[in-house]
Each structure stands twice: as C-alpha cells, then as structure tokens.
Number of protein chains: 4
Amino acid sequence: MMWRRAMTVYRHSIEVMFQHCDPAGIVFYPRFFDMANEVTERFFADVVGWPFRDMHGVDRRGIPSASARLDFRAPARLGDRLDWEMHVGRLGRTSATLVYHAGCGTMAVLSGEVVIVHADLDGVRPLPWRDDVRAVLAAHQQAPVAS
Amino acid sequence: MMWRRAMTVYRHSIEVMFQHCDPAGIVFYPRFFDMANEVTERFFADVVGWPFRDMHGVDRRGIPSASARLDFRAPARLGDRLDWEMHVGRLGRTSATLVYHAGCGTMAVLSGEVVIVHADLDGVRPLPWRDDVRAVLAAHQQAPVAS
Amino acid sequence: MMWRRAMTVYRHSIEVMFQHCDPAGIVFYPRFFDMANEVTERFFADVVGWPFRDMHGVDRRGIPSASARLDFRAPARLGDRLDWEMHVGRLGRTSATLVYHAGCGTMAVLSGEVVIVHADLDGVRPLPWRDDVRAVLAAHQQAPVAS
Amino acid sequence: MMWRRAMTVYRHSIEVMFQHCDPAGIVFYPRFFDMANEVTERFFADVVGWPFRDMHGVDRRGIPSASARLDFRAPARLGDRLDWEMHVGRLGRTSATLVYHAGCGTMAVLSGEVVIVHADLDGVRPLPWRDDVRAVLAAHQQAPVAS
C-alpha cells in the first residue's frame with residue numbers, strides 16, 4: 001500500500017534585483033540564503049501567524065539555523081522571477097527541516113534545506129514548539145512514501 | 001601503512017561586525033556565507049596569486065558555487081574574532097571542494113564546504129583549472145588517510 | 001500668477017525584514033539606501049519601461065549615483081511597512097535628482113535625495129538621457145512654484 | 001592671527017571585495033555606507049575604547065544616524081584599496097558629525113558626513129556623551145580657521 005499525506009507547499013516569488021547580483025551579473029550565492037530566509041520570514045508572518053516582530057520583540061523567541069545547504073542548478077540573473085517553494089521535512093520537538101526549491105519558469109535554479117531550532121533568545125536554549133506553531137508546520141510536512 | 005600528505009591550511013580571521021548581526025544580536029546566518037566567500041577571495045588573491053579582479057575583469061573567468069553548506073555549532077556575537085581555516089577536499093578537473101572550519105577562541109562555531117566550479121564568465125561553461133592554479137589547490141588538499 | 005505642474009509621484013511599499021535590522025532592533029541605516037535603490041529599480045522597470053536587466057545587459061548603460069543623502073526622522077522596526085514616495089527634482093541633460101520620502105502610517109521616517117547619472121557602463125562617461133526616458137522622468141518632476 | 005587646533009584624523013583602509021560590487025563591476029553605492037559604518041565601528045573600538053559590543057550589549061547605548069550623505073567622485077572597483085579618513089566636524093551635546101574622505105592612491109573617491117546621536121537603546125532617547133567619549137571625539141575635531 002502506498003500513501004502520501006496531503007501536503008501544503010508554501011510558495012513565494014522573489015525577483016532578482018540589482019542588490020542580489022555580483023560583478024559576473026548573476027546572483028551572488030550568499031544572497032540565495034537571504035532569499036531563503038525571506039521565504040521563511042514570510043511563511044511565519046502569513047501562514048503561521050507568528051511574525052518575527054512578535055517572535056523576537058514580544059515573545060523573546062527566535063529560530064536560529066543549525067545548518068543550511070543549497071545546491072545550485074543554474075545561475076539566476078538580474079530581473080529573473082524566482083518561484084520559491086518550501087515545505088517541512090523532518091519535524092522535531094524543538095527543530096524543523098525546511099526544504100526549499102526555486103525555479104525560474106521551467107528551469108530548476110536551486111534546492112536545499114535549512115534546519116531551524118526554536119530557541120529562547122536570551123539563553124539560546126532550544127525550546128519545544130508551541131502547539132499552534134507545530135500544527136502549521138505539520139500541515140506543511142511531506143510524509144515519507146511507504147509501500 | 002598509514003600516511004597523510006603534508007597539507008597547508010589557509011587561515012584568515014574575521015571580526016564580527018555590526019553589519020553581520022541580526023536583531024537577536026548574533027550573526028545572521030547568510031553572513032557566514034559572505035565570510036566564507038571572503039576567505040576564498042583572500043586565498044585566491046594572497047595564495048593562488050589570481051585575485052578576483054584579474055580573474056573576472058581580465059581573464060573573464062569565475063568560480064561560481066555548485067553547492068554550499070554550513071553547519072553551525074555555536075552562535076557568534078558582535079565583536080567575536082572568528083578564526084577561519086580552509087583547505088581543499090576533492091579536487092576535480094574543473095571543480096574543487098573548499099572545506100571550512102571557524103572558531104572563536106577554543107569554541108567551534110561552524111564547519112562546512114562549498115563546491116566551486118571554474119567557469120567561463122561569458123558562457124558559464126566549466127573549464128579545466130589552469131596548471132598553476134591547480135598546483136596551489138593541490139598543495140592545500142587534505143589527502144584521505146590510507147592504511 | 002501661481003502654477004504648479006501636474007506631478008506624478010511614484011509609490012512603492014517595502015516591509016522591514018529581518019535582513020534589514022541591526023542588533024538594536026531597528027533598520028541598519030545603509031539598508032535604507034538599499035531600499036531607495038529598490039524603489040528606483042522598480043520605477044525604471046514598471047514606469048520607465050527600461051528594466052536594469054536591459055539597461056545593463058543589453059544596452060550597456062547604467063545610472064550610478066553622484067551623491068546620496070538621507071535624513072532620518074524616526075527609527076523603523078522589524079515588520080514596519082514603509083511607504084516610499086519618489087519624484088524627480090532637478091532634471092539635467094545627463095543626470096536627475098531623485099527625491100524620496102518614506103513613512104510608516106502617519107509617521108515620517110526619512111527623506112532625502114540621490115543624484116543619478118546616465119552613463120556608458122564601459123567607459124563610465126555621462127550620456128544624455130534617451131528621449132523616451134527623459135519624458136517619463138519629466139512627467140514625475142516637481143516644478144518650482146512661481147508667482 | 002590664524003590658528004588651527006591640532007587634529008587627529010582616524011585612518012582605516014578597506015579593500016573592495018566581491019560582495020561590495022554590482023553587475024556594473026563597481027561598488028554598489030549603499031556598500032559605501034556600510035564601509036563608513038565600519039570605519040566608525042573600528043574607531044569606537046580602537047580609539048574611543050568603547051566597542052559596539054559593550055556599547056550595545058552591556059551599556060544599552062547606541063549611535064543611530066540622524067542623517068547620512070556621501071558624494072561620489074570616482075567609481076571604485078573590485079580589488080581597489082580604499083584609504084578612509086575620518087574626523088569629527090560639529091560636536092554637540094548628544095550628537096557628532098563624522099566627516100569622511102576616501103581615496104584610492106592619489107584619486108579622491110568620495111567624501112561626506114554622517115550625523116550620529118548618542119541614544120538610549122531602549123527608549124531611543126538622545127543622551128549626553130560620556131565625558132571620556134566626548135574627550136576622544138573632541139581630540140578628533142577639526143576646528144574652524146579663524147583670522
């Protein structure tokens with residue numbers, strides 16, 4: 001038997017701007033990590049309902065990264081519209097693996113993942129996800145395919 | 001029999017400045033990739049003898065990244081002096097894996113690697129390393145331990 | 001007699017994101033210049049019809065800045081929506097003064113101006129504006145008040 | 001009678017790196033403000049003896065900018081060594097005008113000024129300079145020429 005849990009993918013488009021590009025005329029690769037963070041920030045504001053402003057300023061929580069990896073398939077250029085997709089891979093008690101794909105038209109540009117940890121800003125200690133946050137993350141989780 | 005090829009590690013220190021830090025008071029993780037790029041840029045200028053200025057402007061070559069990954073062990077804070085080390089892992093015909101470690105005092109802050117590809121800037125086609133560049137990369141390569 | 005030429009103001013909103021903010025939790029002031037550049041870039045793409053991609057990549061033209069100044073009235077914080085307004089002040093043969101105001105709700109955040117020069121990318125020589133570009137810039141120019 | 005108070009100018013060199021440059025191959029102008037901030041940050045750490053780390057983290061003080069202006073004389077390119085000079089212009093009770101010049105070899109690249117305000121980080125209220133900080137700022141102040 002094969003099944004796949006219904007998954008909601010979060011989508012956000014980012015246009016490649018002047019400030020993203022290097023003297024070679026393509027996106028300077030650290031800027032792709034800035035973009036990945038922007039996707040995450042929008043997701044927390046628009047979908048989770050926990051904008052960074054409240055997370056940091058009010059609740060004194062943060063989601064620092066434990067690791068970050070991107071594989072680049074094709075260069076992106078000034079003016080390209082990058083369509084980012086994000087879903088949740090592994091969902092831990094205090095962490096989550098965010099999986100990203102970005103493309104331009106039909107061309108794959110990159111894929112990768114960032115492991116975030118829910119932490120106390122003041123002590124930088126990991127903390128369990130709040131139930132409402134976990135529920136939204138779980139709704140965006142891609143389940144393994146079983147047979 | 002066990003042997004290990006003599007390896008030269010490249011070292012470069014970077015102080016965490018205001019512009020690297022986020023509202024949580026720690027380095028915003030995409031800035032670590034900026035720093036990794038700075039280490040690479042210095043290495044090419046100071047050790048390889050092929051500064052980016054000549055590479056891009058004169059020779060129309062570049063070293064775009066095929067993939068980039070960093071694992072973060074501990075947060076770095078404003079004013080921390082990060083001691084970066086870089087060596088070459090796999091050395092291909094047109095690519096190289098640059099391996100990074102950074103610490104602050106005795107504390108490990110991060111480790112990871114970036115795969116760079118030697119490419120024609122105009123066509124973004126991979127090109128074999130020039131012999132003199134390959135020789136320097138090879139001198140910084142860590143050989144596998146054999147028994 | 002008093003008159004004022006009909007002026008079109010260009011408007012573009014930018015939300016303050018994590019990457020704009022410093023350890024003090026407010027926008028790091030150089031990021032406001034990044035935002036001003038974003039407003040200009042959008043204006044050239046959406047209104048002038050000459051996106052930077054074509055300007056730089058196809059036509060080998062650019063609009064480097066001769067000077068840039070911003071006066072800050074109030075700090076902007078993570079999550080603030082900044083409403084930017086831009087119009088053209090002085091319009092020269094090869095240059096233009098872009099005048100910016102940004103606010104958050106009813107609060108003024110900043111005002112200032114950037115002088116851009118239309119230039120040949122290869123020689124960095126000033127060049128007269130193309131007629132169609134000049135026409136759009138002129139349509140956004142605020143005329144002096146005469147009596 | 002003509003006199004000029006002995007002035008100490010602070011000097012700091014910054015090499016133009018890949019991350020500073022735009023697709024036109026020259027420094028993207030907002031990065032010059034990042035550099036000006038770096039000069040100021042080094043000055044406070046190395047000369048004033050009040051590094052931003054202590055200023056922000058321990059004392060909960062900051063020096064946000066009230067205004068920032070740079071005039072660009074010549075483009076700076078990848079690999080250029082920019083020699084920055086900074087002195088204090090007007091020194092107020094709670095503010096200071098920092099005056100910058102940067103050149104590359106014998107060529108002037110830019111000049112301008114940033115007005116900083118000594119402020120309470122928590123309330124963003126202006127506060128009088130501490131005596132020891134004011135003394136160092138005053139020692140770097142350029143006096144008007146009288147006759």
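Lettering follows sequence order; numbering is per chain, from 1.
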Please look at D/Asn37 and chain B and tell me whether the side chain, the backbone, both or neither of the residue comes under 4.5 angstrom of a heavy atom of that chain.
-> side chain
Residue-level contacts of residues 40-65 of chain D with chain B, using a heavy-atom cutoff under 4.5 Å | D/Glu41, D/Arg42, D/Phe52, D/Arg53, D/His56
Heavy-atom contacts under 4.5 Å, residues 98-110 of chain D to chain B | none
More than 12 non-hydrogen atoms from neighbouring residues, nucleotides or ligands closer than 6.0 Å to CZ on B/Arg81, yes or no?
-> no
